[in-house]
> 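Sharing a structure, written as structure tokens. Questions coming.
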Number of protein chains: 2
Amino acid sequence: MSHPPARPTRRADAEQNVAKILDAAVACLSRDAGASVSDIARAAGVGRVTLYGHFPSREALVEAALTRALAEGEAVLGNLDLTGDPRDALEALITSSWLLVAQWTAVLEAAQEALPSGRVQELHAKPAQRVDDLIRRGQAEGAFRADLPAEWLTSVLHHVIHGAAIDVAKGRLDGADAARFIAKTILAAYAEPGS
Amino acid sequence: MSHPPARPTRRADAEQNVAKILDAAVACLSRDAGASVSDIARAAGVGRVTLYGHFPSREALVEAALTRALAEGEAVLGNLDLTGDPRDALEALITSSWLLVAQWTAVLEAAQEALPSGRVQELHAKPAQRVDDLIRRGQAEGAFRADLPAEWLTSVLHHVIHGAAIDVAKGRLDGADAARFIAKTILAAYAEPGS
DNA sequence: CACAACTCGAACACTACTGTTCAACTTACG
DNA sequence: CGTAAGTTGAACAGTAGTGTTCGAGTTGTG
């Protein structure tokens, strides 16, 4: 409780180190969800003790990394205009953010097994809601099929994006193609069956 | 090297224990890819030492479990007639095997991080090939879209099935709905865009 | 029945991780 | 420039896993 939040103002280099650590954490956890604190500290170019000076536990670090990744995502996706045709909106959302979302998912999964169950859902609720809203609106307007529940369509989107991220990471898919492939696939999967 | 394969015939109860262990391994690894040897031994109702008597290392155990899961899958999917309309064939393949495949994927992932890289692909090549063949045939016959590479379509199938398995495990999806949802989604995603 | 095959728990060495303490060092900042 | 804030590696305790050894007990099989 009295680790970093005790002092109202931290020294500039300390603040910078916190940022470096969070960068490294996102990078490491994206690559390997089980990355150790030592790995992250090394990647951040910082001593392990320094890291523990800023984050009292691995759990706190992972949560901070997730929170930061989500905040970054909010910054990008919050400005998107998703009010037009649901198909166009979804395509825009995918093309402009798939890599970001893929990185979310990786850190999200790291958090999944490092944080108490339910905590992740809690933090992730807002961004997930936006996608869900778009899909439901699309269903209501007849742009997306309504013979499958919105929860399932949301889930398919997440898993296809996540899968694409894995494929890119393993060299099975060109990163430049990914957004286009995902969009084409999802829009087809979401289309009204009798069209 | 001289663990079980030295004696040409093992005692009946030993053979039975090996089976119990493999059952437990598949069950445990499906639930948690990082399950420990102790966990698996306990689930099999067998001492840890006994387990090591049959499998020299965790790696060997995981590989045996994967091999066995794949063999089971072969037994089911090998008898399927996939020569008709590719759409029907794919739907049949999904409905009759999605749960099985979902279990594969879980063990597959466990193996992914317990076996040397590449070994998994090697063991998994044959069953993967069957799906790939079906998709390519569908594309050649105009039943499936050809504007996306077969590798991608295959990948989408795997990830949607895997995602559905996760959803079912987490209670977000009713297992009874899964096969139908997957089939509807995949067939739509695979359809020629201009249809 | 006799014996080899098998099982089992306890204990061991080893590795890898988390989290803490300490004492010395460097550096931002008033 | 002085000092408090921050950093650092080494060393430590604690936990959890893997894989091995041992010695005693159990049980299938010829």
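Below, chains carry the letters A, B, ... as their sequence lines are ordered, and counting in each starts from 1. Values below: all heavy atoms of this structure, side chains included; hydrogens, waters and symmetry mates excluded.
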> If the threshold is 4.0 Å, N to carboxylate O, is there a salt bridge linking A/Arg10 and A/Glu15?
yes
> Below 4.0 angstrom from OP1 or OP2 of C/dT7, is there any side-chain N or O of B/His54?
yes
> Mind calculating the distance between CZ (A/Phe55) and P (C/dT20) to the nearest angstrom?
15 Å
> Run the side chain to side chain contact (heavy atoms under 4.5 Å, CB included) test against B/Ala60 and tell me which residues pass, sequence neighbours left out.
B/Pro56, B/Ser57
> In whole angstroms, how far is the P atom of C/dT20 from the CG atom of A/Leu51?
12 Å
> Could you identify which residues of residues 21-30 of chain A place a heavy atom less than 4.0 Å from some atom of DNA chain D, listed by residue number, or say none?
none
> Can you sort out the partners of B/Asp13 under salt bridge (charged side-chain N to carboxylate O under 4.0 Å, His left out), two or more places apart, ordered by chain and number?
B/Arg11
> Parallel, tilted or perpendicular for B/Trp152 and A/Phe181, by the 30°/60° rule?
tilted
> Quick test of your reading: applying salt bridge (Lys or Arg N to Asp or Glu O under 4.0 Å), list the pairs with at least one residue in residues 93-105 of chain A, sequence neighbours left out, ordered by first then second residue.
none
> Quick one: list whatever passes salt bridge (charged side-chain N to carboxylate O under 4.0 Å, His left out) with B/Lys20, sequence neighbours left out.
none
> Give the rounded distance in Å between these two atoms: CG of A/Asp32 and P of C/dC17.
10 Å
> Write out a two-atom table: protein N or O, nucleotide N or O from nucleotides 21-28 of chain D, distance below 3.5 Å.
residue: D/dT27; atom: O2; partner: B/Arg11; partner atom: NH1; Å: 3.2

> What salt bridge (Lys or Arg N to Asp or Glu O under 4.0 Å) pairs are there with at least one residue in residues 41-61 of chain A, not counting sequence neighbours?
A/Asp39-A/Arg42
> Quick one: list whatever passes side-chain hydrogen bond (donor to acceptor under 3.5 Å, both in side chains) with A/Arg119, sequence neighbours left out.
A/Glu63, A/Glu122
> Taking only residues two or more places apart in sequence, or in another chain, which ones meet B/Glu72 in a side-chain hydrogen bond (donor to acceptor under 3.5 Å, both in side chains)?
none
> B/Asp177: what forms a salt bridge (charged side-chain N to carboxylate O under 4.0 Å, His left out) with it, not counting sequence neighbours?
B/Arg180
> Give a yes/no answer on whether the side chain of A/Asn17 brings an N or O atom under 4.0 Å of OP1 or OP2 in D/dT7.
yes
> With sequence neighbours excluded, tell me which residues meet salt bridge (charged side-chain N to carboxylate O under 4.0 Å, His left out) with A/Asp88.
none
> Collect all protein-nucleotide pairs involving nucleotides 14-19 of chain D in which both atoms are nitrogen or oxygen and the distance is under 3.5 Å.
residue: D/dT18; atom: OP1; partner: B/Val37; partner atom: N; Å: 3.2
residue: D/dT18; atom: OP1; partner: B/Arg58; partner atom: NE; Å: 3.2
residue: D/dT18; atom: OP2; partner: B/Val37; partner atom: N; Å: 3.2
residue: D/dG19; atom: OP2; partner: B/Tyr52; partner atom: OH; Å: 3.4
residue: D/dG19; atom: OP2; partner: B/Arg58; partner atom: N; Å: 2.6
residue: D/dG19; atom: N7; partner: B/Arg48; partner atom: NH1; Å: 3.0
residue: D/dG19; atom: O6; partner: B/Arg48; partner atom: NH2; Å: 2.9

> What is the distance from CZ of B/Arg10 to C1' of C/dA4, rounded to the nearest Å?
16 Å
